[in-house]
2 protein chains.
Amino acid sequence: MRLTTHSEYALLALLYLSRNAAKGELISLSRITEEQKLPFKYMEHIMHTMLRAGLVTSSKGQKGGYKLAKKPGQITVAQVIRLFDGPLAPVDSVSVHFYKPTVIEKEKKLTKLMKEIRDYISSKLEKTTLKDLA
Amino acid sequence: MRLTTHSEYALLALLYLSRNAAKGELISLSRITEEQKLPFKYMEHIMHTMLRAGLVTSSKGQKGGYKLAKKPGQITVAQVIRLFDGPLAPVDSVSVHFYKPTVIEKEKKLTKLMKEIRDYISSKLEKTTLKDLA
DNA sequence: TTCTTATCCTACTAATATAATAGGAAAAGG
DNA sequence: CCTTTTCCTATTATATTAGTAGGATAAGAA
């Protein structure tokens, strides 16, 4: 697993929403990007991806913006990273959600090592929610 | 950490050398690539990188080839992966050997989570040697 | 000494991923 | 109906990944 700016920016935006969501209030993207100093146009894509994935909901127009689609305790770091950066596993051949064959598969002990790493990462990221981080 | 074919191929080659090195005998790259079905010309680069890094030694000409520069128990998986794919850490801002600032650094709990993952991966890969895998 | 076999080393290429920006359509509120 | 905001498509620049091509160089065999 290697994080790109997609996941990093997404997590920052989600944490901002988690903290500043006074009961269902919508927060505009410009507010998020100004306070966190993130590129607005780039963030539009990221928010859109999270919208389609059901992590946030949105409304257009004045007073429009975004809010979390679920409680912070129900959104895991794993969901976010899988959405933007794909597999948590170090190689595709040991990935549960994104399996693809690779050359190291015939090396049983090396594969086992990679699976142990995959298991550690996914259990850690699946049990950590926005609530834990905010 | 995400493995590319560089690290995967390198590890396969090193394991082949570990297994088939009858006391200091050199093994040609064509033998390695034929038996493991790896692209020869691509592997030349990989072997060259390992040569410069001191993981293998070589000799040219007939009867030439490669062999491990150290005992299998002294070459760790971490060395190989860092050489080809850089940081073991999931983000550069928590990397010990390849630190670079990133936007998530201000999020203390998220950073701590990433450091825990980094620590697990590096301790695992640093204590695993070719001897353990062969 | 010359031929063969291997590594050594530089250059090049094609495809994909990453990190954005540009510009306008659509909807909601004032 | 005007403004603000999301929605959505297209485009771009750079870097990374996964190779191939071709020749120089060294070592051993003939």
Would you list the pairs meeting ring-ring contact (aromatic ring centres under 6.0 Å, His included) in which at least one residue belongs to residues 97-116 of chain A, sequence neighbours left out?
-> none
Over 12 non-hydrogen atoms of neighbours within 6.0 angstrom of NZ in Lys106(B) | yes
Thr102(B) and Glu8(A): CA distance, side-chain angles, deciding distance, side chain to side chain donor-acceptor pair (under 3.5 Å) verdict = CA-CA 8 Å; Thr102(B) 84; Glu8(A) 291 199 52; 2.8 Å; yes
With Arg31(B) via side-chain contact (heavy atoms from CB on, under 4.5 Å) - residues at least two apart | Tyr16(B), Asn20(B), Glu25(B), Ile27(B), Ser28(B), Glu35(B)
Apply side-chain contact (heavy atoms from CB on, under 4.5 Å) to Thr128(B) and list each qualifying residue two or more places apart in sequence or on a separate chain.
-> Leu113(A), Val77(B), Asp132(B), Leu133(B)
Walk along DNA chain D from 5' to 3' and tell me the first and last nucleotide with an atom closer than 4.0 Å to a non-hydrogen atom of chain A.
-> dT3(D) to dA10(D)
Residues passing the side-chain contact (heavy atoms from CB on, under 4.5 Å) test with Ser18(B), sequence neighbours excluded, are Leu68(B), Pro72(B), Leu130(B), Ala134(B)
By a strict heavy-atom criterion of less than 4.0 Å, which residues belonging to residues 27-42 of chain A are in contact with DNA chain C?
-> Pro39(A), Lys41(A), Tyr42(A)
By side-chain contact (heavy atoms from CB on, under 4.5 Å), which residues pair with Thr4(B), not counting sequence neighbours?
-> His6(B), Asp85(B)
Nucleotides bounding contact with chain B, strand DNA chain C, heavy-atom threshold 4.0 Å | dT4(C) to dA11(C)
Can you list every pair that meets side chain to side chain donor-acceptor pair (under 3.5 Å) and has a residue in residues 117-127 of chain B, with sequence neighbours left out?
-> Glu116(A)-Lys124(B), Arg82(B)-Glu126(B)
Could you list all the salt bridge (charged side-chain N to carboxylate O under 4.0 Å, His left out) pairs where at least one residue sits in residues 49-75 of chain A, not counting sequence neighbours?
-> none
Pick base, sugar-phosphate or nothing for Phe84(B), based on heavy-atom distances below 4.0 Å to the nucleic acid.
-> nothing
Any residue of residues 44-64 of chain A with a heavy atom less than 4.0 Å from an atom of DNA chain C = Glu44(A), His45(A), Lys60(A), Gly61(A), Gln62(A)
State whether the side chain of Glu107(B) and the backbone N or O of Leu12(A) hold a donor-acceptor pair below 3.5 Å, judged by distance alone.
-> no
List for me each residue that meets ring-ring contact (aromatic ring centres under 6.0 Å, His included) alongside Tyr66(B), sequence neighbours excluded, and say none if there are none.
-> none
Under 3.5 Å donor-acceptor, Thr111(B) side chain and Ile104(B) backbone | yes
